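Remarks on the structure that follows.
Each ligand, and each atom within it, is numbered from 1 in the order the structure gives. Please read these numbers as outputs of a predicted model, since none were measured by experiment.
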Amino acid sequence: MTEELQSFFDYISASPTAPHAAAETVARLGAAGYEALREDTPWQLVMGGKYYVVRGAAVIAFRLPSELPCGAMMVAAHGDSPSFALTPSGSAVSGKYTRLTVEKYGGMLSATWLDRPLSVAGVIAVRGANGAVETKPVKLDRDMAVIPSVAIHMNRNANENASYNPAVDMQPLWGGKDAASLLAVIADEAGVAAEDILSHRLWLYNRQAPTLLGAEGEFIGSARLDDLACAFTALEAFLKATETAAMPLYALFDNEEVGSATRGGAGSDFLDNVLRRICEVLGMNEEERQCFEARSFLVSADNAHAVHPNHPEYADPQHAPEMNGGVVVKYNANCRYVTDAEGGAVFAEICRRAGVPTQVYCNRPDIPGGSTLGCIAVSHMGVRAADIGLAQLAMHSCFETMGSRDIAFMIRALTAFYGTALGVDDRGNVCLI
Ligand code: CO
């Protein structure tokens with residue numbers, strides 16, 4: 001296995017939930033010499049400086065070139081994945097057993113969560129000294145829960161018409177009726193008193209580690225490939241790209257799976273505020289800031305659907321990406337993807353120059369398909385943009401499949417993207433520099 005793939009597997013394993021993905025991203029930025037800035041404290045920026053800002057489970061990192069940047073080259077991905085969120089009580093006795101009490105987070109394939117080792121991770125907020133509310137990531141790092149199927153003998157139609165009611169079918173078995181409560185186990189794990197846990201956001205996670213699959217290891221099987229594959233490859237590319245006249249920026253957003261309209265989601269003012277603040281601190285006036293924004297570009301990086309081996313009919317025959325076929329550029333007539341003619345051309349041209357193959361995705365015309373954070377982020381900024389991703393199967397399963405060779409393709413494509421600056425000619429055409 002290549003060093004890149006090992007690093008990807010480590011990133012996934014360290015990121016069972018969105019707050020963990022943010023913490024792992026921050027750890028890697030810190031190891032690369034990036035300095036933390038806080039939204040609640042004034043910033044001092046120096047040319048050539050490397051910085052990151054955290055808001056909840058969202059992270060934005062940027063690097064200043066040695067001179068005032070002409071614009072920003074930005075890649076955004078999301079750190080959250082569909083899962084089952086623990087309710088505030090966390091667990092409850094039910095008949096002969098204790099069950100975890102969960103509700104759905106995002107739109108998952110429910111059946112994939114049955115009959116496999118699960119555990120719990122997320123954040124707790126605990127009472128600290130002097131009125132402080134301290135948040136800490138917590139992860140139970142052992143097999144602890146299971147959502148058992150009903151036996152075929154009791155549900156003879158299970159293979160014909162399966163349906164899963166989250167309130168009934170998807171509540172995990174946790175222990176016997178005298179079992180310790182989830183919050184007692186979490187408090188123990190975190191080394192805090194149970195009564196000091198003021199609140200929590202916890203989710204189930206799949207315990208299966210990432211693995212290579214296929215005759216020659218050509219596929220990756222893992223939880224959370226959507227969207228940790230793009231979160232990881234964009235971070236790698238961001239860290240290794242060479243300096244240009246533009247400012248490279250990396251954004252990891254939260255809550256894409258539930259619509260992005262949250263404090264750390266792409267619908268928030270987080271990215272916009274960071275960009276405005278950078279311009280302000282660097283001494284640009286409002287007009288200079290608007291020129292800066294108009295010479296910026298956002299890549300929304302989120303996985304795409306590969307053509308399915310058993311169900312090719314779900315793909316549009318002319319736009320059916322395959323795994324290991326390179327980076328996918330996504331188009332949608334109704335702008336559910338942000339790519340327009342100019343944005344798609346800029347990104348495809350960068351890939352062509354970097355020698356990275358690209359594929360095109362659009363939905364079969366009678367299948368509505370999904371959306372991404374791209375349009376949401378761009379709807380309140382004047383930047384050019386494209387929606388891209390890597391082809392995968394079983395999106396929103398708790399064990400997804402993608403191409404192992406695509407990881408290197410995406411790192412190369414995004415490194416080339418970050419190594420490009422945008423100029424504008426005297427007729428207003430965007431130019432790659
Ligand atoms: Co996604």
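Between E35 and K50 there is no salt bridge, since no side-chain nitrogen of the basic residue lies less than 4.0 Å from a carboxylate oxygen of the acidic one.
Of the options W113, Y105, Y164, Y205, a ring-ring contact (aromatic ring centres under 6.0 Å, His included) to F84 is made by W113 and by none of the others.
Seen from the Co ion (ligand 1), atom OD2 on D302 and atom NE2 on H78 lie at an angle near 80° (rounded to 10 degrees).
Residues D316 and Y361 bring no donor and acceptor atom of their side chains to less than 3.5 Å of each other.
Residue D226 approaches the Co ion (ligand 1) most closely through its N/O/S atom OD1.
Contact annotation: C230 places no N, O or S atom under 2.8 Å from the Co ion (ligand 1).
Side-chain contact between L422 and L432 is present, with heavy atoms from C-beta onward closer than 4.5 Å.
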